[in-house]
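Report on the following structure.
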Amino acid sequence: MKKELPWLNVPGGRLKTTLFYGPWQCRRQFMNGCQRECASEGYPLMGCMWLADIKLDWEGSLVLLPVPVEAGSRYGIYHCCCKFPTLPKAKKEAERKKWDNIRESFREKWGKKFGEWPSENGTSWAGHHIRDLWHGGDPVDPNNIFPAQPDAHKVFTDQYPACYDGQAPWNTVGPDLPYTDY
C-alpha cells in the first residue's frame with residue numbers, strides 16, 4: 001500500500017513524500033541493527049518488523065547554476081522486538097496521555113517537514129509509535145512516530161505480539177525490497 005502526499009514547497013524547490021506500508025520481514029541490514037540494539041540494552045532479540053518506507057523526492061535547481069535537478073532518498077522504518085519489559089497498565093496510560101496532549105501540534109510540525117499529515121474522510125490517520133508504549137517507547141519522540149494508514153496500523157498492532165514472541169515470519173530475514181514503487 002502506498003500514500004503519496006502533495007508536493008510541498010521548500011527552499012530551492014519542492015518535496016514530495018510517499019509512504020509505503022508493510023509490515024514486511026526485515027532485510028538483513030535491519031535485522032543486524034536490531035541484534036545490536038537489543039544486545040546494547042541487554043535484552044534478547046525476538047524479531048524485527050519493517051513497518052514502512054518513507055520515500056522523498058526533491059525537484060529544484062542549483063543555486064550557482066540555474067539548472068533543474070531531481071534527487072530522492074528512501075528511509076526504512078523498522079521495529080526491533082527485543083524482549084523489553086512491559087509497563088503496568090497505569091503507567092502505559094500515563095504515557096498515552098502525553099501523546100494525546102501533543103498529538104495535534106506534532107501533526108502540524110510533521111506536516112511542515114513532509115507534507116500534510118494524511119487523513120481519511122476528515123479523520124487524521126493514527127500516529128504509530130514504532131517502539132510501542134507498552135514496551136517503553138517514548139510517547140513524544142518525533143523519531144518514534146509516523147502516520148499510519150488505518151488498515152496498516154491495525155496490522156502493526158495485531159502483529160506486534162507475534163514479533164515479541166519470536167514467531168514467524170518476524171524472526172527471519174526477508175528480501176531487500178519487498179515491494180515495487182509503481
Side-chain angles (χ1 to χ4, degrees), residues 1-24 26 30 33-34 37 48-63 68-82 84 86-160 163 179 181-182:
M1 173 184 335
K2 93 177 184 183
K3 171 70 173 176
E4 288 186 38
L5 302 182
W7 285 96
L8 177 67
N9 291 324
V10 296
R14 64 188 195 143
L15 176 78
K16 180 172 77 168
T17 301
T18 304
L19 304 162
F20 295 91
Y21 291 96
W24 309 288
C26 287
F30 295 165
C34 283
E37 178 183 326
C48 177
M49 288 177 65
W50 186 352
L51 303 170
D53 265 3
I54 297 178
K55 182 180 176 222
L56 301 172
D57 293 304
W58 178 82
E59 295 178 349
S61 60
L62 298 176
V63 176
V69 178
E70 293 179 1
S73 68
R74 190 179 304 265
Y75 179 74
I77 299 172
Y78 61 97
H79 173 63
C80 303
C81 298
C82 308
F84 298 121
T86 56
L87 298 179
K89 185 176 181 178
K91 176 72 171 152
K92 183 182 109 181
E93 291 309 314
E95 295 298 285
R96 178 153 312 282
K97 195 158 215 47
K98 289 178 187 176
W99 164 242
D100 291 343
N101 290 338
I102 67 134
R103 181 181 305 149
E104 291 309 314
S105 63
F106 178 87
R107 288 175 177 161
E108 287 174 23
K109 288 177 189 170
W110 193 94
K112 288 177 184 171
K113 281 174 99 170
F114 300 106
E116 186 176 340
W117 185 275
S119 64
E120 227 169 82
N121 301 322
T123 302
S124 293
W125 286 7
H128 181 72
H129 288 84
I130 300 162
R131 181 167 172 186
D132 60 299
L133 303 182
W134 193 46
H135 289 93
D138 187 330
V140 298
D141 176 2
N143 294 317
N144 192 40
I145 306 162
F146 70 98
Q149 191 278 343
D151 291 338
H153 191 242
K154 180 171 178 8
V155 173
F156 299 158
T157 303
D158 290 347
Q159 289 300 311
Y160 266 38
C163 187
Y179 65 90
D181 288 21
Y182 312 102

inquiry  = Looking at Glu116, I'd like to know if its CD atom is crowded, meaning that more than 12 non-hydrogen atoms belonging to other residues, nucleotides or ligands lie closer than 6.0 Å.
reply    = no

key: Heavy-atom side-chain proximity of Ile145 to Trp110 below 4.5 angstrom   = no

key: Minimum heavy-atom distance between Arg107 and Ala126, given as atom pair plus value   = NH2-CA, 4.2 Å

Which atom of Asn143 lies closest to which atom of Ile130, heavy atoms considered = O-CD1, 3.6 Å

inquiry  = Is any side-chain heavy atom of Asp132 closer than 4.5 Å to one of His79?
reply    = yes

inquiry  = Can you confirm whether the thiol sulfurs of Cys80 and Cys34 sit closer than 2.5 Å?
reply    = yes

query = Heavy-atom count around Arg96 CZ within 6.0 Å, excluding the residue itself: above 12?
reply = no

query = In terms of side-chain geometry, is the basic nitrogen of Lys55 or Asp57 positioned less than 4.0 Å from the acidic oxygen of its partner?
reply = yes

query = Which value, rounded to the nearest 0.5 Å, describes the distance between Asp53 atom CG and Ser73 atom OG?
reply = 10.5 Å

query = Just wondering, more than 12 heavy atoms not from Trp134 lying within 6.0 Å of its CH2?
reply = no

inquiry  = How long is the straight-line distance from OG1 of Thr17 back to CG of Leu56, given to the nearest 0.5 Å?
reply    = 5.0 Å

inquiry  = For Gly127 versus His153, what's the shortest heavy-atom pair and its separation?
reply    = O-NE2, 4.4 Å

ask   = Looking at side-chain heavy atoms only, is the closest gap between Gln149 and Lys3 below 4.5 Å?
value = no

key: Carboxylate-amine/guanidinium proximity below 4.0 Å for Asp100 and Arg103   = yes

note = When every non-hydrogen atom of Leu19 is compared with those of Pro147, the smallest separation belongs to CD1-CG, 4.0 Å

key: Electrostatic pair Lys92-Glu95, nearest N-O below 4.0 angstrom   = no

task = Let me know which of Tyr21, Trp125, Phe114 forms a side-chain contact (heavy atoms from CB on, under 4.5 Å) with Phe146.
result = Tyr21

ask   = For the atom pair CG (Leu51) and CZ (Phe30), what is the distance rounded to the nearest 0.5 Å?
value = 10.0 Å

message = Minimum heavy-atom separation for Cys26 and Tyr78, please, with both atom names.
response = SG-CB, 4.1 Å

request  = Please name the pair of heavy atoms, one in Pro142 and one in Phe106, separated by the smallest distance, quoted to 0.1 Å.
outcome  = CA-CE1, 3.5 Å

request  = Quick one: pull up CD in Glu59 and NZ in Lys16 and give me the separation to the nearest 0.5 Å.
outcome  = 8.0 Å

remark   = Interatomic distance, CG@Asn144 vs CG@Leu133, rounded to 0.5 Å, equals 7.5 Å

request  = Measure the spacing between CD of Glu4 and CZ of Phe20 and express it to the nearest 0.5 Å.
outcome  = 7.0 Å

key: Sub-2.5 Å SG contact, Cys81 and Cys48   = no

key: Ring centre gap for Tyr160 and His129 strictly below 6.0 Å   = no

